[in-house]
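One structure is given here, and the rest of the page talks about it.
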Amino acid sequence: MSAPLFNALLELADDHLILGHRVSEWCGHAPLLEEDLAMPNMALDMIGAARSLYTYAGEIEGEGRDEDQLAYLRYDREYKNCLLVERPNEDFAHTMLKQLYFAAFMHPYWEAALQSNDETVRGIAGKSVKEVAYHIRHAGEWVVRLGDGTEESAKRMQDAVTELHPYVEELFHMSADAQAAADKGALPDREAMRTQWTNSISNVFDQAKLTMPEVEYPQLGGRTGHHGEEMGHLLSELQYMQRAYPNMSW
Amino acid sequence: MYSQGLIGADGATEETEEFLAKFQARIDREEKIEPNDAMPNGYRKTLVRQIGQHAHSEIVGMLPEGNWITRAPSLRRKAALLAKVQDEGGHGLYLYSAAETLGVTREQMTEELLSGKAKYSSIFNYPTPTWADIGTIGWLVDGAAIMNQIPLCRCSYGPYARAMIRVCKEESFHQRQGYEILISLCNGTEEQKQMAQDSINRWWWPALMMFGPHDAESSHSEQSMKWKIKRFSNDELRQKFIDATVPQAEYLGLTVPDPDLKWNPDKNDGKGGYDHGEIDWDEFWRVVKGHGKMNRDRIKDRKKAWDDGAWVREAALAHAEKRAARQTQHAAE
Ligand SMILES: [Fe+2]
Ligand SMILES: [Fe+2]
């Protein structure tokens, strides 16, 4: 059991770290000061969840790797995050939509994880479920404002939908490790979140006057370490200090 | 932070002697002046400028530290830095609100910052090339900010004083956090110690400049002291900062880059204090006037964020108007 759960926890942890990293790129450059305060909040929640998940994964693995070793000292093919979270920020419309897509998945996921037979997972879920509810609200409100704002904002929002929608399917995909962890009752089944995800996104899209596109060819591969080109650049920033100054504590 | 000894304030007033005397008497009784109270024009203008400069400094100050968020060396440091930079944004927000009580808008102040008309603390025109700079900024820059701001908690203008009380609590947390980063470096490897020493070498003098010009050259200080906007002179605060900070550098095992720094037992009325070397005021004025390494980049960054965000702000406004219109229509039906 321990290897599949370790890997499944890494999938979750990497999703949170990488999306948190992306959101944190905005800090000090937001379109309005209130967002310079709100975006770091979301980034802090994501990084906080990643820390708990890495720490627990390290304990399960039992080889003495701590949160930083797992977060910073793997090669790019070893990161298991879904492709959605590594997508570049582009503009504020993309950023908020990406956050909404992810949060709308994580909310029912963490709710289901409250029933996990693993106490640590339940603990992480209990904290995260509240945070993610706020992300849905905050990002969802922006998607509505931008979708039903000006002509320009509506176009940018619809462009973001077109561009990010192919990455949604991967949220529901079960790797063999995720499946094994679900079979043991430690983590929820990702596939089971589909209806709730679709309901919450449809609800936002109705208000935002956005249309949900059909995706013929979903983009997959993150869970097996097949990332896009942008991921390498993200990692070279993320890992810079740990790689340039190995074995030091900061 | 970060109110530098006010740059170019003009406290000129035209009110009658009687009005001014009555106002001064309120100040002398330590009464707080509130937004709707009568106040000399010069008092209002001085405060608008000072609070505006202070707010802009918080906002521009997010950039040099924000430079390291994506490269922080551990998840714990990354989270702490994110939270710190977010706090600085929060300080900017309270301060803009305090300035707005005096009849200026945040938009006006932002435009003045972006056009280069309004100043911000010159310290943020220095770059942060290494991780150690994140420690040094917390320790020295937030440390100097605290020295400047603690007396501002008793400023005669109520909204500013109250904003400062909140801000000071967070600044002292930032200062300790910065110092703790440097402790880790100084307990670490030779490279880490060198990184820390190089950082204090670059930041020490600019931190001393944060207190503003010598009292003799600080043209409008006297009026600000009389109005109790300011409680201590630039040189007094600078001396307090040096006396508090040198022992902290010694504890870290770092050398303060001032060959003339010397303990003088007779200083501070016999309590002792440090004599220090002369500050390079040419550098100070050069940076204040826009010729520091990062002046152009800082404004360019702020301008880019503002311009790139214009469509978002417009959309938010348009959406709010649509909503309001729909509600009125709904109510009418
Ligand atoms: Fe601050
Ligand atoms: Fe601070």
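In what follows, chains are A, B, ... by sequence order, proteins preceding strands, each numbered from 1. FYI, side chains are in, hydrogens and waters are out, and symmetry mates aren't considered; it's all heavy atoms of this structure.
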Exercise. CE/A/Met248 to OG/B/Ser184 distance, rounded to the nearest 0.5 angstrom?
Worked result: 13.0 Å
For this session: Give, for atom CG of B/Leu317 and atom OG of A/Ser153, the distance between the pair rounded to the nearest 0.5 Å.
Result: 11.5 Å
Exercise. Is it the side chain or the backbone of A/Asn41 that comes within 4.5 Å of chain B heavy atoms, both, or neither?
Worked result: both
Problem set entry | Residue A/Ala30 versus chain B: region with a heavy atom under 4.5 Å | backbone
For this session: Drop me the distance from B/Lys322's NZ to A/Arg145's CZ, to the nearest 0.5 angstrom.
Result: 13.5 Å
For this session: Mind checking the CZ-OH spacing from B/Arg71 to A/Tyr240? Nearest 0.5 Å is all I need.
Result: 6.5 Å
Exercise. Is A/Asp66 salt-bridged to B/Arg76, going by a charged N under 4.0 Å from an acidic O?
Worked result: no
Exercise. Is the closest side-chain heavy-atom distance between A/Glu34 and B/Leu93 below 4.5 Å?
Worked result: yes
Problem set entry | Proximity breakdown for A/Ser24 and chain B, heavy-atom pairs closer than 4.5 Å | both
Problem set entry | Per-residue contact mode, A/Leu17 against chain B (heavy atom under 4.5 angstrom) | side chain
For this session: Below 4.5 Å from any heavy atom of chain B, which atoms of A/Arg156 appear? Answer side chain, backbone, both or neither.
Result: side chain
Seminar exercise, completed: So, the part of B/Arg313 with a heavy atom under 4.5 Å from chain A: the answer is side chain
Seminar exercise, completed: Pair count under 4.5 Å, heavy atoms only, with chain A: among B/Arg302, B/Gln192, B/Glu314, highest is B/Gln192
Problem set entry | Where A/Gly28 and B/Leu63 come nearest, the two heavy atoms and their spacing | O-CD2, 3.8 Å
Seminar exercise, completed: Looking only at A/His29, A/Glu152, A/Arg51, the option with the highest number of non-hydrogen pairs under 4.5 Å against chain B is A/Arg51
Seminar exercise, completed: The reported gap from CG in B/Leu81 to SG in A/Cys27 (rounded to nearest 0.5 angstrom) is 8.0 Å
Exercise. Quick one: does B/Trp311's side chain get under 4.5 Å of A/Lys155's, heavy atoms only?
Worked result: no
Problem set entry | More than 12 heavy atoms of other groups within 6.0 Å of B/Lys193 NZ | yes
Exercise. Considering all heavy atoms of both residues, which atom of A/Leu146 and which atom of B/Ala315 are nearest to each other, and what is their separation?
Worked result: CD2-CB, 3.8 Å
Problem set entry | Spacing of NE2 belonging to A/His21 relative to CG belonging to B/Leu82, to within rounding of 0.5 Å | 10.5 Å
Exercise. Which atoms of B/Lys78 come close to chain A, meaning under 4.5 Å heavy atom to heavy atom: side chain ones, backbone ones, both, or neither?
Worked result: side chain
For this session: Please look at A/Phe92 and chain B and tell me whether the side chain, the backbone, both or neither of the residue comes under 4.5 angstrom of a heavy atom of that chain.
Result: both
Problem set entry | Proximal component of A/Gln242, with respect to chain B [non-hydrogen, under 4.5 Å] | side chain
Exercise. What part of A/Leu33 gets closer than 4.5 Å to chain B, counting heavy atoms only: side chain, backbone, both or neither?
Worked result: both
Exercise. Of B/Gln86, B/Glu88, B/Met62, which meets side-chain contact (heavy atoms from CB on, under 4.5 Å) against A/Asp36?
Worked result: B/Met62
Problem set entry | Option in B/Arg323, B/Lys304, B/Glu180, B/Arg326 with maximal non-hydrogen atom pairs under 4.5 Å from chain A | B/Arg326
For this session: Please say whether more than 12 non-hydrogen atoms of neighbouring residues, nucleotides or ligands are located less than 6.0 Å from OH in A/Tyr134.
Result: yes
Problem set entry | Minimum-distance pair of heavy atoms, taken over all atoms of A/Leu37 and B/Gly89 | CD2-C, 3.5 Å
For this session: Mind running side chain to side chain contact (heavy atoms under 4.5 Å, CB included) on B/Val312 and A/Trp142 for me, showing each step along the way?
Result: CA-CA 9 Å; B/Val312 176; A/Trp142 272 112; 3.5 Å; yes
Seminar exercise, completed: Honestly, the part of A/Ala93 sitting under 4.5 Å from a heavy atom of chain B is both
Problem set entry | Contacting moiety of B/Thr70, where chain A heavy atoms sit under 4.5 Å | both
Exercise. Given that the side chain runs from C-beta out, which part of B/Leu75 has a heavy atom under 4.5 Å from chain A: side chain, backbone, both or neither?
Worked result: both
For this session: Could you tell me whether B/Arg166 atom CZ has more than 12 heavy atoms of other residues or ligands within 6.0 Å of it?
Result: no
Exercise. Is it the backbone or the side chain of A/Trp26 that comes under 4.5 Å from a heavy atom of chain B, or both, or neither?
Worked result: neither
Problem set entry | Side chains of A/Trp250 and B/Leu185 in contact at under 4.5 Å (non-hydrogen atoms) | yes
